[in-house]
Amino acid sequence: MRPMPAPLSPFSGFPRSAPLRAADAIDRITAATGRAAAWLALALVAVQFAVVVLRYVFGMGSVWLQETIVYAHAAMILLAAAWTLQAGGHVRVDIFYAEASPRARALVDLLGALLLLLPFMLVLLVVALPYVGRSWSILERSREAGGLPLVFALKTLIPVFALLLALQGIAQAIRAAAALRGPAAPAPAADRS
Amino acid sequence: MPLQEVLAVVLVVAVCVVLMAGYPVALTLGGVSLAVALAGDLLGVFDLSLLRALPPRIFGVVTNEVLIAIPLFVFMGVMLERSRVAEDLLETMARLFGALTGGLGIAVLFVGVLLAAAKGIVGATTVTMGLIVLPTMLRHGYDPRLAAGTVAATATLAQIFPPATVLVLLGDQMSNAYQAAQLAQGTFAPQAVTVSDLFAGALVPAFGLVALYLVFLIAVAALWPASSPAIPPDPDAPRGLALARRLAEVMVAPLLLVLAVLGSILAGVATPSESAALGAVGAILLAARRAGAKGAWAREVLVPVLHRTCQITSMIFLILIGATLFSLVFRGLGGDDMVDRALTNLPGGTAGAVLTVMLAMFLLGFVMDAFEIIFVVVPIVAPILLTMPGIDPVWLGVMMALNLQTSYMHPPLGPTLFYLRGVAPPQITTMHIYVGIIPFVLIQLAALALLWFVPGLATWLPHALYGGG
């Protein structure tokens, strides 16, 4: 695990071009979704602990609670992936990247977003939509008796995941392009709250 | 070689080359695989409709109940980080052993073992130990190479001691591979191998490693006393009974936590996720005991812990999702048949095949993370190896875990070394770290060789605990 320093977020005082404003808007959407999803980690701990207490102290099992854990886990991963990209949390092979100049890094990010991330996520979106559509058409529910009737909603998070990551990829590409165009682009501030 | 298989080779080479550019691994895996799939479609050797399997596969990955243990164990480790357990332990252990030549190094080893068993993530342990332990060792006149090597190797123990994240992921992959291997051989009531088996299997080799490290530290202290001097006693420090009480105080909480988590898994009463939830709640209690103002706790401790947990989990699973597309395309191009033929036709039969895979994993460790190797390499090679006669899935899993653990610390690219360089005091150079870690890497290789010749080290405990063949 070698997370890289986070890409810096915008400096609010500067007049900004339209693409950079779009990137800022995307960053806000992804960060808000990710921060909200992070609370699911607490839900995961709490519900799994409740299941343990119910099972070993009261001898009760609940398919419903067990599935809630699966849902919280899946939703957390799918909704936070784009935010993690924004925060620089996805591992890179940093043999060259760590030592590279800011321009070289921007070039890697620009090409990576356009040639690797976006095609991957667009194809996923294309194949996921009919998959989710089939699930919605029967309002697919859990196969277990007493399970949650929301499998279609959970599956819907797959195209949402693809869409969020694709958007974040666009934001990444915009910032990388701005950095490549040189010092004319406003210097990003270190604060990223 | 048919065109299809040429493309499978192109896929592997292209992934390795593009990874070097430094774009996030998960997205590189997915993007490059997709490009090769499109090329295969244009050349008429790949069926793009195979990609329709992608959404159900991803759904399977994120709803896999075994892997729910991952965020829970990550949460436990990150939360423990906030509880200052490490600092307290080290301070007390150093008092206990410090008066002996080489004693501080031994204290560090013990603390590392406790932290490894409680945390399961290398990064967190390395940072803590590098920040607290390394300056202490240097201040007391330890040889910088010995100090750096001890800290790096000890921190890496988190990768082999249950509940290491690597063991959970490997256990899940091995269980799928074992099922597939038995079905391929026509066994329709297959035996299972679980994450708990792998935890139990890793325990004896992990303690074996600690024993070897200990022997090494004692030998160094005996042969070169100047490299690991004793600490002059501190007149204000608690001694005798007071020291014993302090020791009990700092040891009891983490020990209880480790015993509860590991004990419940090994006793077979709880699943890894259930034990992890217990551990997570325990870690919250330990961190809460340490906290000051109640109101600030949520903002200053809980929210950052949740954010870290969420991002680390998301990072791991995104690699798994990227690797899903990679395996889909690799198999679609017949790559798995090719690997199968190559491995079964090796000279040396089973031993030759295992040795080749081990060597390949070791070499891949120079450029890839353990997670990437587990997700990309293991699903392809493990089902093939497990159909060969005389290979125990637990033994193979523990061998792989030990191998991957070694890859975390061998120069020049072991991630632990990078983490350590990031937090080490300025008088520690990269060369100190590289030279200092070499004896420990040799110990690792010796342990691998030992496990190769004495498979019982890994298989005895799971068989004794859970029975079975």
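Owing to the predicted nature of the structure, the values given are computational and were not obtained by experimental measurement. Lettering of chains follows the sequences in order, A, B, ..., and the numbering in each one begins at 1.
In terms of heavy-atom pairs under 4.5 angstrom with chain B, the leader among A/T84, A/V123, A/V132, A/L44 is A/T84. In terms of heavy-atom pairs under 4.5 Å with chain A, the best-connected choice from B/A280, B/S275, B/P71 is B/P71. For the set A/L111, A/L115, A/L154, A/V47, the count of heavy-atom pairs under 4.5 angstrom toward chain B peaks at A/L154. Chain A forms more heavy-atom pairs under 4.5 Å with one residue of B/A26, B/A53, B/S273 than with any other, namely B/S273. When B/V281, B/L54, B/I68 are compared by the number of non-hydrogen pairs under 4.5 Å with chain A, B/I68 comes out ahead. Between chain A and the residues B/A276, B/G322, B/P56, the most heavy-atom pairs under 4.5 angstrom are made by B/P56. By number of non-hydrogen pairs under 4.5 angstrom with chain A, the leading residue of B/I319, B/I321, B/I70 is B/I321. Counting heavy-atom pairs closer than 4.5 Å to chain A, the top residue among B/G31, B/S314, B/A277 is B/S314. Ranking A/V127, A/L165, A/I69 against chain B, the residue ahead of the rest is A/V127, based on heavy-atom pairs under 4.5 Å. For the options A/L40, A/D109, A/L118, heavy-atom pairs under 4.5 Å to chain B are most numerous at A/D109.
In the displayed structure, A/F49 atom CZ is contacted under 6.0 Å by at most 12 heavy atoms of other residues, nucleotides or ligands.
Counting only heavy atoms from C-beta outward, the side chains of B/L27 and A/M121 approach each other to under 4.5 Å. B/V62 has its side chain out of reach of A/L157: every pair of non-hydrogen atoms, C-beta onward, lies at least 4.5 Å apart. Put simply, the side chain of A/V45 does not reach to within 4.5 Å of the side chain of B/T309, judged on heavy atoms. With a 4.5 Å cut-off on side-chain heavy atoms, A/H73 and B/F317 count as touching. Side-chain contact between A/W39 and B/L302: present, with at least one pair of heavy atoms (C-beta onward) separated by less than 4.5 Å. A/W83 places a side-chain heavy atom less than 4.5 Å from the side chain of B/C310.
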- Task: Begin from the C-alpha positions of B/I58 and A/L124 and carry the test side-chain contact (heavy atoms from CB on, under 4.5 Å) through to its verdict.
- Result: CA-CA 10 Å; B/I58 292 178; A/L124 180 56; 3.6 Å; yes

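Neither the backbone nor the side chain of A/E67 comes within contact range of chain B; no heavy atom of the residue lies under 4.5 Å from a heavy atom of that chain. Of the atoms belonging to B/F75, it is side-chain heavy atoms, and not backbone ones, that fall under 4.5 Å from chain A. Neither the backbone nor the side chain of B/L29 comes within contact range of chain A; no heavy atoms are under 4.5 Å apart. Using a 4.5 Å cut-off between heavy atoms, A/A113 touches chain B through backbone and side chain atoms alike. Only the side chain of B/E65 comes within contact range of chain A, judged by heavy atoms closer than 4.5 Å. Within the 4.5 angstrom heavy-atom criterion, no atom of B/V305 approaches chain A. Neither the backbone nor the side chain of A/Y71 has a heavy atom closer than 4.5 Å to any heavy atom of chain B. With a 4.5 Å cut-off on non-hydrogen atoms, B/L34 touches chain A through its side chain but not through its backbone.
In this structure, CE in A/M76 is found 11.0 Å from CD in B/Q311, a value given to the nearest 0.5 Å. In this structure, CD1 on A/I77 lies 12.0 Å from CE on B/M315, to the nearest 0.5 angstrom. Rounding to the nearest 0.5 Å gives a distance of 12.0 Å between CZ of A/F96 and CG of B/L19. Atoms CD and CG, from A/Q48 and B/L72 in turn, are 6.0 Å apart once rounded to the nearest 0.5 Å.
Closest non-hydrogen pair, A/H90 versus B/P24, comes out as CB-CB, 3.9 Å. Scanning all heavy atoms of the two residues, the minimum distance from A/A38 to B/H307 falls at CB-CD2, 3.6 Å.
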